[in-house]
Each structure stands twice: as structure tokens, then as C-alpha cells.
Amino acid sequence: MRFDIDRLKEIIDTLARNRSRTLLTGFGIFWGIFMLLLMLGAGDGLKTILNKNFEGFTSNAVIVGAAPTSKPYGGFKRDRQWEMDLSDIEAIKSLVQEADVVTPMYSDWRNEVSFGGRSYSANLKGLDYEYSKVETPEMLYGRWLNEVDCKQERKVCVLGKRVWENIFPDGSDPCGKYLKIKDMQYQIIGVDGRSSNISINGNSNEAVVTPAPLMDKLLQKGGKFEIMCFTVKEGGESKVLQDKVKSILARRHTIDPEDKHAIMVLDTKKLFSIVDNLFKGVNILVLLVGLGTLLAGAIGVSNIMMVTVKERTTEIGIRRAIGATPNMILSQIITESVGLTVISGMFGILVSVGLLGLVGKIVSANPEIGPVSFQIGFWTALGVLSLLAVLGILAGLAPAIRAMNIKPVDAMREE
Amino acid sequence: MLIELKDVNKTYQGAQPLHVLKGINLSIEKGEFVSIMGSSGSGKSTLLNILGILDNYDSGEYRIDGKLIWDLSETKAAEYRNKMIGFIFQSYNLIGFKTAVENVELPLFYQGVSRHKRHEMAMEYLDKLGLAQWAGHYPNEMSGGQKQRVAIARALITKPDIILADEPTGALDSRTSVEIMDLLKELNEKEKMTIIVVTHESGVANYTNKIIHIKDGVIGQIEENSRHDATAFGSENGMLK
Ligand SMILES: Nc1ncnc2c1ncn2[C@@H]1O[C@H](COP(=O)(O)OP(=O)(O)OP(=O)(O)O)[C@@H](O)[C@H]1O
Ligand SMILES: [Mg+2]
């Protein structure tokens, strides 16, 4: 039998007949869906907030830093501060085939930078153009460093968001202007708006980025720096890369291979996977609890439908007597069950989507956090809807079979 | 022959099997208006249920218009009931949460007739029975006589071959009973409808043209009643009860 206005009217008629019971039964489903979606949405929102901390970082970056040694080795005392240099990069590039990008990070803390009478204490960072593969910039204006900037040691710079906000409080486009750093003029080529909370020698918000070779030269670093950044090649193992890099650096800088502190390693993949695993766990829990509640709701629907069918024995008998086939009765009861579950579930979806939207708005209004969506995805909603339909069918099955087996004579004798 | 029963037997299985119909032989022709009479428990309703394909029989033969009614699937039985038989019951058996017109429409709904057509026909039948202004009312807002007329409209709407009525006046007062029986009589005379009425009231039976007596599970006397004077204890002026 096709689904049309008649079927819909039949369902509404029967469901409207015992309003309070319909409402109570529907509430079980409503509550299950509501809880499930609310928890899923909240979980996603929290995950987004946590992941914001790592915004921009590729999930396969490895960052290695030089720290004071913790063991005496090869004639050196402990607590020796060592530095990496450009020849390390060449060595690693040729020896570690897992490494894709290998790039230095020069840093110089707390430098007064100024323009048009305004100044700000920023961190200078000397980076190579390839660094954009480690931490993806989000340009608000202009562009990031490119290969030519670095090769020709152009005096250009990219401002971090906070630096730009302080020096250009009107929010204007600073590109083309000249920023004064250490009595020298650097042309501004862009503003990087990222707000990651991972800070490698200072947050990128607070940084002014210049080409690495330029900084090396101007600050007379002599090719020495304290931080080196990698990305892992597709198919390469981050762990293998880390081990190889550590042993190369230890050998080249006479560090005890057992020294746990001299070479610091930050593996973004690990950070990401911690969050991922945490939320995988959360999601499994949410699904278990939510589906459990939903199942309880469906069992409620099934029970009530069973009672309803018993009560409607005479009515069903009459229908059979005047020409309803068993299949028509079966499909009627199942449609009622599906109708009840889907309609209650839709309310659950609506209310939870509304509430999640509200939570999202309130949280996003917090400038510390920024825009966060607590919303469930379209496909999740669609999936939940089909789940509801399936639950409705399952819940209606037993009552429907019972109704189908009602014989008109039995029904009419039961007055 | 529209209806033909040959040696039909029916036993209710139970703690104590009850042999209710013990070889019923009966023929009813198209256009007849007959009543089945008998004392309470004699098996009238059982017989009517078999005639209406609401129940099975154990042995014998039952044919409608030559078609053997035996071992039908539930679906086939439903289809036959829908197309060939209209039922009228003592307790009306209307669906309480549907209006009069929706109740009358229901058999057509199961035939897959379109909404519009269905409604139009139901209104036409309600009008015929003088109930047009009650179309939107629910059964509990109507009198017994009105409810029974709605039920009659529902029985008629599929233009069935046979109308089966089990104590159609059983729950009605005598004046309303007269109205209903007049209505059935008119249907038989004007529309040539075949009508079988089960009753234990001789006054009701007297309306019909043939009275079939059932006793101890077999057909007893069959009275021709074309002069409508068969009432054993009926009243002189044709009033019931
Ligand atoms: N489903 C059933 N199971 C067992 N016995 C039944 C069943 N239906 C009817 N009976 C018995 O069969 C006998 C005939 O019942 P039936 O309903 O046909 O009588 P009736 O002639 O219609 O009586 P009444 O005038 O009281 O309506 C009765 O003794 C009744 O108790
Ligand atoms: Mg009876």
C-alpha cells in the first residue's frame, strides 16, 4: 500500500485518540534522541575547542629543540648549552629519508618593533619559506614568505595577529608599509591570523617573521639556532625519524646518547592522537548511553503499541470484517509505530539542535575561545533519522504481528 | 443460486467440543429477503459468520454464486468480504474515533478508492439514509437508530451481493426497529438486494419473505412469508415486540 494522506490521517487519528499516552510514549524516544545528539554535539564542540590549541600545525610535524645537557659526555661537563647549525640540516636531509621538510627556526626574544609612532615588543622569528608546511599560516592580509624572499634575503616581514592589532589598531592593511626592527626597515608583506596555542619559542601571534638567512646574517647567528622543524614524509614513521634525528644530533654535537633532556622532541601527531583517542572514547560512551536510552524508548513504544493493539481488538476486527487484509493491518500498525518514533525523534532532533546552537553561540561569544560549532552534522542527523525509522519498524513488529492475527470473529465476540 | 450450503458442519473446539452446526443444507436465491430464526444458542450467529466468510466450517460445501468458499487465505477472504458482503451488527460496530462519513468510507478505503470519490459516495449513501447532516458526527453523538443507519450505509457502499444482518434491531427500541426493518425491506424491494437477517424476534422475522428456522444445529421448517402473517406472537398491526 502506498503512503499518502490517508495513511497519515489514519496515524494521526489513532495517535491523537489517546493523547497523553502518545505523549508519554513519544517522550521516551524524544529523550533518547535528545540526549544522544546533545552529547554528540557537545563532544564535537569540546573537541574543536581542544584542537584549536593546535590550529595550523600539520599532524605530522616533529619539532626538535636544543636544551642543556643533563649528563657529562665526551669530556664535556653537564648543563652545557649546545646549538644546532645549518650543517646539521644538510646531514639530516641526506641521512634521514623519512624527513620531508627540514627547516631551522631562529628566534630573538622581545624586540621593539615600531611603525608610525606605535611600537610593540614582539618575538623575532627567522623562518624558511618551507616552514609553512609545518605550521600553515592563515593570511589576513598579503602573503607569507616565499622562496625568493629567502634566497635573496629580502628585508621583508610577516606580522603575527597580536602585533598587527597593536601597531595597526584601526585594522588597516599594513602590506607595503615599513616596520622598524632594530633600527632597520622591513617591508611588511602580510599578516598571519592564526591563533594556535602551541608555542614554539613564543606564540605565532606575538611574532614577526623574517627570512631565516637574513636573520642569520643580521643577528650574526653564524648558522646557529636552537630549534629545527620537520615534517614526516608520506608513509614514513614519525618515531623512526625522531630516533634517527636524535642519534645524528647526539653524534654531531657530542651528546650522551642516553641523555634524555638534551634533545627535546615535540611530536604533533602524538598530541593530535591524544585528543583523538580521548574523543573516540567519549563518543563510544555517548553512543552507548544514547543508544541505550533510545532502545529503552523503543521498547516503551513496543509495549504501549502492544497494549493499544489489545485494546483495539474490536476495531481491528471490524476493519478485517469490512475488507482490510492482514497485510493492511500489519502495515497500519507499523506505520503508526514508525510515525510515533519518527515524529518524537524529530522533536528530539529539533530541540537538541536548537539547544546546541544556543550553547555554540554563547561559547563563541567568548573571545578567548572564538567561533566554535557545537552542532551535529547533517549526516549524523540523517543517520539518526533512519535509525529512528528502523527502531520504529522493530518496535511495531511484534504488536503488528499480533494485530495481524486478530480474527474478525474473535474480535467481535469480545464486546 | 446465490448462496448454497450442503451439509455444512461446525464444531467449536474447546475443553468440551461443541458441535453447533450439524449438517446445514440451505439455498438462497438472488434478491431474496430471508430471516434465520432460532432460540438463543441454536447457532444462528455461527451460521451467519460462515455465510459472511468471517469463520471457517469443518466440512460440507459453501458456495457463493458458484464460487466454493473453502480454505481461503485471509487475504482472499478479506477481499471477498469487502466486495461481496455487507455486514450489519447488533452492536453497530462503528469505529468510535471516526466520524459517520469516515466510517462509511472505510470499505472503499480498503479497496483503494480515491479520497475524493470515496467521500462523495459516502455522502451520497448517508444522504439516502437521511443522515447527511450527521456526516461529521462521531458515533457517540448519535442515537442507536442513527448509528445503525450509518452501519447500513457502510454495508451498502461497496454494492455487495449479500447483506448479512445479525440481530440488527437487537439494541433498538420498537419504533426504531420498525424504521430499520422498513429500510431493509425497501432495499430489498427497490434495489433487489439479497438480505439475510438473523433474529430471535418473530416480529422482525415477519418483515422478511421467508423464515428459516434453525434448531439443534439443523435447518428445520422453512416458512414462506410473502403475506407477512407468520407471527406466532406478533401484533396485529405489524408493530414489533
Ligand atoms: N468461539 C466459540 N467457542 C466456543 N463456543 C462457541 C463459540 N462461539 C459460539 N459458541 C457456542 O456455540 C453455540 C452457538 O452460538 P451462536 O452464537 O451461534 O448462537 P446464537 O444462535 O447466535 O445465539 P444468540 O441468539 O444468543 O445470539 C452457543 O452455545 C455458544 O456458546
Ligand atoms: Mg447470535
Side-chain angles (χ1 to χ4, degrees), chain A residues 1-22 305 307-333 335-336 339-340 400-415, chain B residues 10 12 45-46 48-50 52-56 72-99 102-116 118-119 138-139 151 154-158 160 164 166 170-171:
Chain A
M1 227 168 37
R2 67 222 124 60
F3 191 88
D4 52 20
I5 292 182
D6 291 330
R7 295 290 293 282
L8 203 66
K9 195 171 174 313
E10 282 282 304
I11 299 172
I12 292 169
D13 272 0
T14 42
L15 292 184
R17 233 171 93 214
N18 202 328
R19 244 160 261 170
S20 53
R21 188 162 67 194
T22 302
M305 294 288 297
V307 174
T308 317
V309 162
K310 239 185 201 164
E311 278 182 7
R312 288 168 65 189
T313 302
T314 311
E315 177 211 324
I316 291 165
I318 296 167
R319 288 173 185 271
R320 295 276 282 108
I322 61 176
T325 64
N327 280 337
M328 288 168 177
I329 299 292
L330 181 89
S331 75
Q332 181 182 344
I333 301 293
T335 338
E336 279 172 28
L340 181 59
I401 287 172
R402 188 196 182 102
M404 190 175 87
N405 287 328
I406 291 174
K407 297 257 180 324
V409 253
D410 303 333
M412 262 148 352
R413 199 174 290 121
E414 254 187 49
E415 285 143 31
Chain B
K10 171 79 180 175
Y12 285 116
S45 298
T46 306
L48 202 78
N49 287 341
I50 289 171
I53 329 180
L54 292 169
D55 209 350
N56 304 318
L72 297 180
S73 71
E74 288 286 345
T75 307
K76 197 79 194 156
E79 194 189 310
Y80 278 3
R81 283 196 296 268
N82 184 272
K83 297 235 170 85
M84 303 195 295
I85 299 161
F87 291 98
I88 303 168
F89 303 95
Q90 173 173 0
S91 49
Y92 326 121
N93 279 340
L94 298 176
I95 293 177
F97 59 92
K98 285 182 179 291
T99 60
E102 286 168 348
N103 266 289
V104 178
E105 279 180 39
L106 208 53
L108 295 181
F109 169 67
Y110 289 125
Q111 279 184 10
V113 175
S114 83
R115 250 174 101 64
H116 180 75
R118 218 161 67 202
H119 188 75
Y138 290 90
R154 183 180 66 186
L156 292 176
I157 198 160
T158 56
L164 299 177
D166 195 350

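A note on names: the letters A, B, ... follow the listed sequences, proteins ahead of strands, and every chain is numbered from 1. Treat the numbers as computed from the prediction; the structure is a model and nothing was measured.
Your options are B:Arg115, B:Arg154, B:Gln111, and the one with the most heavy-atom pairs under 4.5 Å with chain A is B:Arg115. For the options A:Thr14, A:Ile318, A:Asn327, A:Thr325, heavy-atom pairs under 4.5 Å to chain B are most numerous at A:Ile318. Ranked by non-hydrogen atom pairs under 4.5 Å with chain B, the options A:Lys9, A:Glu315, A:Arg17 are led by A:Arg17.
With a 4.5 angstrom heavy-atom cutoff, A:Arg320 touches chain B via backbone and side-chain atoms both. For a residue to count as touching a neighbouring chain, one of its non-hydrogen atoms must lie under 4.5 Å from one of that chain's; by this rule B:Lys98 touches chain A with the side chain only.
Applying side chain to side chain contact (heavy atoms under 4.5 Å, CB included) to A:Val409 and the options B:Ile50, B:Asn56, B:Asp55 leaves one that passes, B:Asp55.
Contacts between residues 79-88 of chain B and chain A, defined by a heavy-atom separation under 4.5 Å, are made by B:Arg81, B:Asn82, B:Phe87.
Here the shortest heavy-atom pairing between A:Ala324 and B:Ala78 reads O-CB, 3.5 Å. Across all non-hydrogen atoms, the minimal contact from A:Arg319 to B:Tyr110 is NH1-OH, 2.8 Å.
Rounded to the nearest 0.5 Å, atoms CD1 (A:Ile322) and CD1 (B:Ile95) are 6.0 Å apart.
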### Task
May I have the step-by-step check of side-chain contact (heavy atoms from CB on, under 4.5 Å) for B:Glu74 and A:Ile329, ending in yes or no?
CA-CA 12 Å; B:Glu74 288 286 345; A:Ile329 299 292; over 6 Å; no
